[in-house]
Amino acid sequence: EVQLVESGGGLVQPGGSLRLSCAASGFTFDDYAMSWVRQAPGKGLEWVSAISWNGGSTYYAESMKGRFTISRDNAKNTLYLQMNSLKSEDTAVYYCARAPSFWTRSRGYDYWGQGTQVTVSS
């Protein structure tokens, strides 16, 4: 059974940092590119970042560039998102998601985690 389990969310002050983790199981982790996607209260899904199967290529939404870093440890079957200089508008549920081979906009992601809540507030 494919499982993606996010952790590391919580309450943090503006300007602070958090590191999210996504533990993967039930599939060959390094066969797949992975992404982080978030959903703020009352908003739709927003793509955050993506990483290739071996970590050689990374991609970020414009508002996250310079603040967030995506990485993976294939030996541990784990995906990470380091978040620095957090802002109140980063408050959201953060999901990790698996990208199928030859990902397209219409195809989307085939498996999702349950999400972890990040709240940025003073």
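Among residues two or more places apart in sequence or in another chain, the salt bridge (Lys or Arg N to Asp or Glu O under 4.0 Å) test is passed with Lys65 by Glu62. Partners of Tyr32 under the ring pair (Phe, Tyr, Trp, His ring centres under 6.0 Å) rule, at least two apart in sequence or in another chain, are Phe27. Taking the side chain to side chain donor-acceptor pair (under 3.5 Å) definition, one finds that Asn84 meets it with Ser17, Gln82, sequence neighbours left out. By the side chain to side chain donor-acceptor pair (under 3.5 Å) test, Tyr109 pairs with Ser35, sequence neighbours left out.
Leu4 contributes atom CG, which lies 9.0 Å from atom CD of Gln114 (distance to the nearest 0.5 angstrom). Atom-to-atom distance recorded for Tyr94:OH and Glu6:CD is 12.5 Å, nearest 0.5 angstrom. Here the CZ-OG distance, from Arg67 to Ser85, works out to 7.0 Å after rounding to the nearest 0.5 Å. Rounded to the nearest 0.5 angstrom, Ser21 OG and Leu81 CG are separated by 9.5 Å. Atom CD of Gln117 is separated from atom CG of Leu11 by 10.0 Å, given to the nearest 0.5 angstrom. To the nearest 0.5 Å, atom OG of residue Ser49 and atom CE of residue Met64 are 8.5 Å apart.
Without hydrogens or angle criteria, Thr91 side chain to Val120 main chain gives a donor-acceptor distance under 3.5 Å.
Nearest heavy-atom pair across Phe29 and Ala24 is CD1-CB, 3.5 Å. Annotation for Arg72 and Ala33: closest pair NH1-CA, 4.0 Å, computed over non-hydrogen atoms. Taking both residues in full, the closest heavy atoms of Gly26 and Val2 are given as O-CG2, 3.9 Å, listed atom of the first, atom of the second, then distance.
Asn54 and Ser52 share a side-chain donor-acceptor pair at under 3.5 Å.
Leu79 and Leu18 fall within the same hydrophobic cluster, defined by Ile, Leu, Val, Met, Phe, Trp and Tyr side-chain heavy atoms under 4.5 Å apart, directly or through other members. No continuous path of hydrophobic side-chain contacts links Met34 to Trp103 [ILVMFWY only; heavy atoms under 4.5 Å]. With hydrophobic clusters built from ILVMFWY side chains whose heavy atoms lie under 4.5 angstrom apart, Leu45 does not share a cluster with Met83.
Among residues at least two apart or in separate chains, there is no disulfide bond (SG atoms under 2.5 Å apart) pair with a member in residues 26-56. Applying the salt bridge (Lys or Arg N to Asp or Glu O under 4.0 Å) test to every pair with at least one member in residues 16-40, sequence neighbours left out, gives these pairs: Arg38-Glu46, Arg38-Asp90.
Heavy atoms of other residues, nucleotides or ligands lying less than 6.0 angstrom from CH2 of Trp112 number more than 12.
The side chain to side chain contact (heavy atoms under 4.5 Å, CB included) with Ile70 is formed by just one residue from the set Tyr60, Tyr80, Tyr59; it is Tyr60.
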- request: Take Asn77 and Ser25, measure what side-chain contact (heavy atoms from CB on, under 4.5 Å) needs, and give me the verdict at the end.
  value: CA-CA 7 Å; Asn77 287 354; Ser25 61; 5.9 Å; no

field: Candidate pair Leu86 and Phe68, rule side-chain contact (heavy atoms from CB on, under 4.5 Å), full reasoning
entry: CA-CA 9 Å; Leu86 284 162; Phe68 291 8; 4.0 Å; yes

